[in-house]
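Here's the structure, in structure tokens; my notes come after.
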Amino acid sequence: MKAVVFDGKALTLKYDENYPKPGIVNDTDVIVKVEYAGVCGTDLHIIQGEFPASKERPLPLGHEFSGVVHEVGKGSTFKVGQKVVVDPNRACNLCNFCRDGNYQYCLTAGINSTIGIWRDGGWAQYVKCPQDQVYALPDGITTEQAGLCEPYSCVSHGFDRASPITIGKKILIVGAGIIGNLWITTLHVQGHRDVTVSEMNKSRLDIVKGLGTGYRLVTPDVLASEKQLYDVIVDCTGVGKVMEISFKYLNCGGKYVLFGCCPPTHQASVNPYEIYDKELTLIGVKINPFSFPKAIGLLKSMGDRYLNYEKLGVKTYPLSGYKNALEDLKTGNISKAVFKIE
């Protein structure tokens, strides 16, 4: 089968037309024929050696994907032909973290066993998945829209961590890549209107403008000159230095949501007295524990008004065009690359 394969030892990618097609091993396995598979910022960190991933053997990356059921084990509840989306993360169900409902902290599962990072992922025509990680799509959600379900599940978890975010709060989104755009659409569909978006790349600001939310769009230098304060700041940049700068823009009682995944080498300095004096809250967000059902509900409520690829700045590529996809992401002319797999 066709796949884009990552070599964790050499930190290289290659397009392979003869990668082994997976087969059923366990009775509850599901083989998904992939239709859409996203390129995540974490994937870029993995390719650059900044984020841990499997080095045992070359394998397809891709932890954001949707498609249709191609084959099932004899004990599976799924049917061939069903439209599905896959949660790449799961609990080990044995450790205290998992049994307490927090598998994002698990030392063996969670992000340490992710499909597309530690196991063969969605940058391929077919993927073998345990059925407990597969979700049937309800009527009204296309596999194209569901290609965004995994990142929306992370946003959903982040929204829960930051809640309550009451209507009328002054909100700042820092970074208007795809994650920033997904936060923008999530806030807008839930009625938030006092939102400012900061992004240094003007082509990305143009993408946000096309979403039609009416949110205020600025560049970081404008933020620095205004000295406005915000009740909630969502940092989608994945850059430690940005946190150091924008943390100062929090109002008293404010919440700083550190959503973008920074490489482990990044550092940021904050003033402990300011945290005390203003009673500030710093919120980390790690993956998507049990938030896929909420994300599916969010997709269903949004529809094409918010999930239009063109409006979101999402561009599709064949697997063979992976070099173009990565290059376009680096230029910032698109917010996200998604493989459309035939």
Side-chain angles (χ1 to χ4, degrees), residues 1-40 42-49 51-90 92 108-136 143 146-147 149-150 316-326 337-342:
M1 68 174 181
K2 300 173 183 177
V4 175
V5 181
F6 173 69
D7 186 328
K9 292 181 179 178
L11 298 180
T12 57
L13 282 178
K14 74 170 185 177
Y15 173 63
D16 187 348
E17 292 190 340
N18 297 297
Y19 191 80
K21 181 181 176 181
I24 297 294
V25 176
N26 302 307
D27 287 347
T28 53
D29 283 344
V30 175
I31 306 295
V32 176
K33 184 179 186 300
V34 182
E35 293 191 353
Y36 293 90
V39 180
C40 175
T42 301
D43 294 319
L44 300 182
H45 288 314
I46 289 171
I47 295 165
Q48 294 163 7
F51 194 89
S54 177
K55 294 183 180 180
E56 289 185 8
R57 60 177 176 82
L59 52 72
L61 294 180
H63 57 273
E64 308 173 356
F65 60 96
S66 61
V68 296
V69 175
H70 176 72
E71 186 180 355
V72 297
K74 61 183 180 181
S76 175
T77 61
F78 288 89
K79 306 296 182 186
V80 172
Q82 276 186 292
K83 294 186 302 179
V84 294
V85 67
V86 176
D87 183 348
N89 303 306
R90 69 184 306 186
C92 77
T108 57
I111 202 167
N112 300 299
S113 65
T114 303
I115 295 174
I117 297 180
W118 301 99
R119 293 180 281 161
D120 286 26
W123 292 3
Q125 288 179 296
Y126 299 91
V127 184
K128 177 174 71 69
C129 310
Q131 73 167 6
D132 61 0
Q133 291 179 253
V134 181
Y135 289 79
T143 53
C149 194
E150 194 279 341
T316 59
Y317 302 80
L319 286 172
S320 59
Y322 77 93
K323 290 182 180 178
N324 291 333
L326 297 179
V338 171
F339 293 120
K340 184 176 181 181
I341 303 173
E342 303 295 339

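Bear in mind that the values here come from a model prediction, so they are computed numbers and not experimental data. Note that the numbering runs from 1 along the sequence shown for the chain.
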From [X] [atom1] over to [Y] [atom2], what is the distance, rounded to the nearest 0.5 angstrom?
X	Y	atom1	atom2	answer
His63	Asp87	NE2	CG	10.5 Å
Lys33	Glu71	NZ	CD	14.0 Å
Arg90	Thr114	CZ	OG1	11.5 Å
Phe339	Tyr322	CZ	OH	9.0 Å
Asn89	Gln133	CG	CD	7.5 Å
Asp29	Ile24	CG	CD1	5.0 Å

Are any non-hydrogen side-chain atoms of [X] and [Y] less than 4.5 angstrom apart?
X	Y	answer
Leu44	Phe51	no
Val39	Trp123	yes
Leu13	Leu326	yes
Met1	Pro22	yes
Val127	Val86	no
Val68	Glu35	yes
Lys2	Tyr19	no

Atom of [X], atom of [Y] and distance for their closest heavy-atom approach:
X	Y	value
Tyr317	Gly321	CD2-O, 4.0 Å
Gly62	Asp43	N-OD1, 4.2 Å
Ala37	Val34	CB-CG1, 4.1 Å
Cys129	Val32	SG-CG2, 4.2 Å
Cys92	Thr108	CB-OG1, 3.8 Å
Ile115	Pro130	CD1-CD, 4.3 Å

Exercise for the section: For side-chain contact (heavy atoms from CB on, under 4.5 Å), just list the numbers for Phe65 and Ile341, CA-CA rounded to whole Å, side-chain angles, deciding distance to a tenth of an Å, and then say yes or no. Expected result: CA-CA 10 Å; Phe65 60 96; Ile341 303 173; over 6 Å; no

Exercise for the section: State plainly whether the residues Asp120 and Arg57 are in salt-bridge range, i.e. N to O under 4.0 Å. Expected result: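 Looking at Arg57 together with Asp120, the answer is yes, because their closest N to O distance falls below 4.0 Å.
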
Exercise for the section: Return the set of residues passing side chain to side chain contact (heavy atoms under 4.5 Å, CB included) with Leu11 (not counting sequence neighbours), or none when no residue passes. Expected result: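 Leu11 satisfies side chain to side chain contact (heavy atoms under 4.5 Å, CB included) with Phe6 once adjacent residues are dropped.
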
Handout entry: Other residues, nucleotides, ligands: >12 heavy atoms within 6.0 Å of Glu56 CD
Key =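 Counting other residues, nucleotides and ligands, CD of Glu56 stays at 12 neighbours or fewer.
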
Problem - Side-chain (Glu64) to main-chain (Gly147) donor-acceptor, under 3.5 angstrom - result: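 No; zero donor-acceptor contacts below 3.5 Å.
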
Practice task
Go through Ile47 and Leu61 one step at a time and tell me if the side-chain contact (heavy atoms from CB on, under 4.5 Å) criterion holds.
Solution key: CA-CA 10 Å; Ile47 295 165; Leu61 294 180; 4.1 Å; yes

Handout entry: Donor + acceptor pair across side chains of Gln131, Thr28 (<3.5 Å)
Key =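 No, Thr28 and Gln131 have no side-chain donor paired with an acceptor closer than 3.5 Å.
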
